[in-house]
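Following: one structure in structure tokens, then a few remarks.
Letters A, B, ... mirror the listed sequences (proteins, then strands); counts begin at 1. Please read all numbers here as calculations on a predicted model, not as lab measurements. Keep in mind that the numbers below use all heavy atoms, side chains included, and drop hydrogens, waters and symmetry copies.
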Amino acid sequence: MSITALGPYEFKSRDAVENYKGKQLMYVNWEKHRMFSRPFVIAVEPSLKFSELIEKFVTPAYEFHPDFAQIDWSKVVWQNSNTPFTPQLDKSLAENGVGHKDLIRFTTPGLDGLNGIGY
Amino acid sequence: MDMKVAKKLGLKERYTMMTRDLAWDTTYQPMDKVFPQVTYEGIKIHDWDKWEDPFRLTMDAYWKYQAEKERKLYAILDAFNQNNGHLSVTDARYINVLKLFLGSTPPLELMAGRGFSMVGRQMVGAGPRVACMMQAVDEYRHCQTQIHSISNYNKFYSGLSEFAHQQSRMWYLADGKSFFDDAITAGPFEFMVAIGFAFEYVLTNILFVPFISGAAYNGDMAAMTVGFSAQSDEARHMTLGLECIKFMLEQDPDNLPIVQRWIDKWTWRGTRKLASVGMMMDYMLPKRIMSFKEAWEIYFEENGGALFKDLARYGVTVPKCFPQTIEEKEHITHQSWIGFYMKPDAMSFHTWSPSPEELDWLSEKYPNTFDKYYRPVYEHWAKMEKAGKRFNNKTQPMNCQVCVTTVKYNEPGDPMTTCFRESIYKGEKYHFCSDHCKEIFEHEPEKYIQTFITSHQVLQGKCEPEGVDTDAPDFKPGSHMMEYWRLDPDVQGDFNGSLDQKNFAAWRELATKN
């Protein structure tokens with residue numbers, strides 16, 4: 001559907017990628033760890049290596065949780081929104097197909113939050 | 001000579017002369033050019049005179065009633081302030097309810113006032129125009145009395161002074177701002193459904209029960225009186241909203257699908273907005289009135305359900321979100337408090353861990369969900385707090401493109417999984433908290449691609465205090481948030497150990513002992 005308006009109605013997206021000076025937005029969510037309430041958002045260069053994403057952003061965001069220290073990173077299941085993918089850790093976000101405003105979700109098998117209740 | 005005494009006008013004649021007789025049709029310009037807004041939304045009106053005015057209130061009578069209300073209100077406010085009434089509330093934690101509710105509401109009342117002023121100008125019929133004008137004045141009054149009510153607390157407690165500055169900047173105030181911005185940028189009929197019907201009629205009770213009764217229950221005479229004074233206007237507002245719905249539906253059968261879509265949209269947007277009000281009921285009032293779940297059952301499911309049964313004769317069905325709200329009433333307040341507790345440095349009110357007694361109350365009120373999902377979180381956090389590691393999530397949130405709340409609600413039917421929805425428009429991805437928000441977006445993507453999402457704007461370098469060079473090579477977006485928000489350092493951190501807590505205890509001691 002299209003908007004009903006009194007006159008011409010054309011505006012740019014407020015979050016278009018060109019507003020981020022060479023960076024892109026991305027969201028990260030640790031599935032079944034809802035103690036963190038919601039995913040976090042960052043603006044990063046598409047050349048950022050996936051391993052750096054884990055080290056510089058994912059770890060400080062989530063290490064508060066008692067499950068975090070127990071993560072076996074070789075078993076983590078990754079999704080870009082609902083599509084599973086296997087990231088190459090030494091490759092960049094762009095090379096791993098992660099684009100502007102993508103939502104990266106990761107599941108840690110066997111670790112489902114406090115008492116296994118998703119938090 | 002005989003004096004000819006004019007007969008005193010009856011109420012009905014007087015009303016006609018003071019409202020409908022004051023209107024006229026334009027002749028220098030055609031009516032449709034003077035009133036273009038009433039047709040473009042697709043609503044067909046054939047006879048504006050069919051608008052019924054349930055109150056038949058004229059402007060002179062309106063001033064008289066309102067002046068009387070104001071006199072009573074300010075007499076009580078003055079007495080409360082002169083007697084240090086703030087020390088008679090149940091607990092200093094209660095003041096955080098005022099920081100959240102009265103800190104966020106006056107600017108929204110102001111927007112409602114602006115909206116009704118606009119709609120009063122845009123509508124053709126004299127009946128709705130007069131009613132909108134009175135409601136606009138009511139809303140401005142509510143804004144003003146609420147500000148007066150917080151001003152006394154502002155002398156003693158932190159976090160209240162910058163509410164106007166924070167309204168368009170603070171992340172958690174964005175949902176209310178977005179709600180009213182969306183309504184006021186719609187056409188006049190959609191605005192009436194959004195504010196007059198969905199907000200005032202379907203959802204206001206949920207707002208007033210926790211606020212007024214909560215204030216009364218916790219010894220806050222000032223806020224209680226402001227609430228009662230405003231609520232006496234609400235009856236008129238609710239009737240205006242309902243009258244507008246009936247009027248549209250009676251005028252033309254083609255109006256039904258448009259009105260139904262607005263009812264679906266605005267009931268959902270209102271429901272999302274009320275999650276933080278529910279959190280106030282369940283977590284923030286030291287003395288609780290009823291749980292949010294109970295309030296939802298009485299005021300939304302029962303009363304709202306009866307209203308929609310009544311509207312069924314016009315072909316209106318219950319809002320599409322109805323079943324989802326029933327499922328969510330078990331969860332949303334807990335999910336909200338979790339989201340707020342974890343940001344102690346980024347809000348104008350304090351949060352805290354519920355006490356063991358409070359956890360038991362929540363277990364009793366939420367037997368299906370609390371012990372299973374939420375108690376373990378609070379117990380874990382309390383343990384961490386004792387160990388000196390109070391949770392502080394320093395990351396920036398992901399928000400819904402439509403309702404702008406953080407994406408924190410669960411997948412329907414699965415409380416362990418966060419609900420994500422997305423849509424691609426002109427090659428760009430947009431994220432939502434729910435099916436309902438996604439549907440609202442897809443109906444008018446041109447509007448919602450402009451949404452102001454605070455965390456995104458921070459990352460673009462647009463949320464900086466004056467004087468910060470955003471082009472400097474070492475510029476780091478978001479490193480001056482406290483100055484940008486004008487956040488009082490005293491309101492940061494947990495309630496336990498706060499200046500409010502210490503002052504309240506010390507002042508109460510002075511008031512009751514030598």
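Between A:D15 and B:Q460, some side-chain heavy-atom pair lies under the 4.5 Å cut-off. At least one side-chain heavy atom of B:M398 sits under 4.5 Å from a side-chain heavy atom of A:L103. Between A:N29 and B:T418 there is a side-chain heavy-atom pair separated by less than 4.5 Å. The shortest side-chain heavy-atom distance between B:Q396 and A:F40 does not fall under the 4.5 Å cut-off. Looking at heavy atoms from C-beta onward, A:K101 lies in side-chain contact with B:E428 at the 4.5 angstrom threshold. At a threshold of 4.5 Å between non-hydrogen side-chain atoms, the residues B:Y425 and A:S13 do not count as touching. Here the side chains of A:M35 and B:M342 are not in contact, with every heavy-atom distance at 4.5 Å or above.
In A:K49, the NZ atom is not crowded: 12 or fewer heavy atoms of neighbouring residues, nucleotides or ligands sit closer than 6.0 Å. The number of heavy-atom neighbours closer than 6.0 Å to NZ of B:K320, taken from other residues, nucleotides and ligands shown, is 12 or below.
With a threshold of 4.5 angstrom between heavy atoms, B:P477 does not approach chain A through any atom at all. With a 4.5 angstrom heavy-atom cutoff, A:L114 touches chain B only via side-chain atoms. Using a 4.5 Å cut-off between heavy atoms, A:K21 touches chain B through its side chain atoms alone. For A:D102, the parts lying under 4.5 angstrom from a heavy atom of chain B are both the backbone and the side chain. No part of B:T39 comes within reach of chain A, as not one of its non-hydrogen atoms sits under 4.5 angstrom from that chain. Heavy atoms closer than 4.5 Å to chain A are found in the side chain of B:F420, but not in its backbone. Residue A:F11 touches chain B through both its backbone and its side chain, counting heavy-atom pairs closer than 4.5 Å. Looking at B:Y341, there are no atoms closer than 4.5 Å to chain A (heavy atoms on both sides), in backbone or side chain. Residue contact with chain A, scored on non-hydrogen atoms closer than 4.5 Å, involves the backbone and the side chain of B:H456 alike. Heavy-atom distances place both the backbone and the side chain of B:K429 under 4.5 Å from chain A.
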Step by step, work out the side-chain contact (heavy atoms from CB on, under 4.5 Å) result for B:N393 and A:R38. CA-CA 11 Å; B:N393 186 346; A:R38 41 43 179 187; 3.8 Å; yes

Is there a side chain to side chain donor-acceptor pair (under 3.5 Å) between B:R421 and A:S81? Walk through the geometry before answering. CA-CA 9 Å; B:R421 296 291 182 272; A:S81 285; over 6 Å; no

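In terms of heavy-atom pairs under 4.5 angstrom with chain B, the leader among A:A43, A:A61, A:P60, A:G99 is A:A43. With respect to chain A, the highest number of heavy-atom pairs below 4.5 Å among B:K372, B:Q457, B:K462, B:H431 belongs to B:H431. Interface remark: of the candidates A:H100, A:H33, A:K12, A:E10, A:K12 forms the most heavy-atom pairs closer than 4.5 Å to chain B. Your options are B:K408, B:K394, B:Q450, B:Q37, and the one with the most heavy-atom pairs under 4.5 Å with chain A is B:Q450. Chosen from B:G187, B:S455, B:G42, B:P415, the residue pairing most often with chain A at heavy-atom distances under 4.5 Å is B:P415.
A:S37 and B:Q335 share no side-chain donor-acceptor pair at under 3.5 Å. Remark: the A:R105 side chain and the B:T417 side chain contain no N/O donor-acceptor pair separated by less than 3.5 Å.
Put simply, OH on B:Y40 and CG on A:L6 are 5.5 Å apart, with the number rounded to the nearest 0.5 Å. To the nearest 0.5 Å, the span separating CG on B:D371 from CG on A:N115 amounts to 11.0 Å. Between A:Y27 atom OH and B:E422 atom CD the span is 10.0 Å, to the nearest 0.5 Å.
Of all the heavy atoms in B:P397 and A:V41, the pair that sits closest is O-CG1, 3.2 Å. B:K389 approaches A:F64 most closely through the heavy-atom pair O-CE1, 3.5 Å. Shortest non-hydrogen contact noted between B:M416 and A:G118 is CE-N, 3.7 Å.
Between A:Y119 and B:Y374, the ring planes are perpendicular. Angles over 60° get that label, and only those under 30° would be called parallel.
Each of B:V377, B:I338, B:N410 was checked for a side chain to side chain contact (heavy atoms under 4.5 Å, CB included) with A:R34, and the lone residue meeting it is B:N410.
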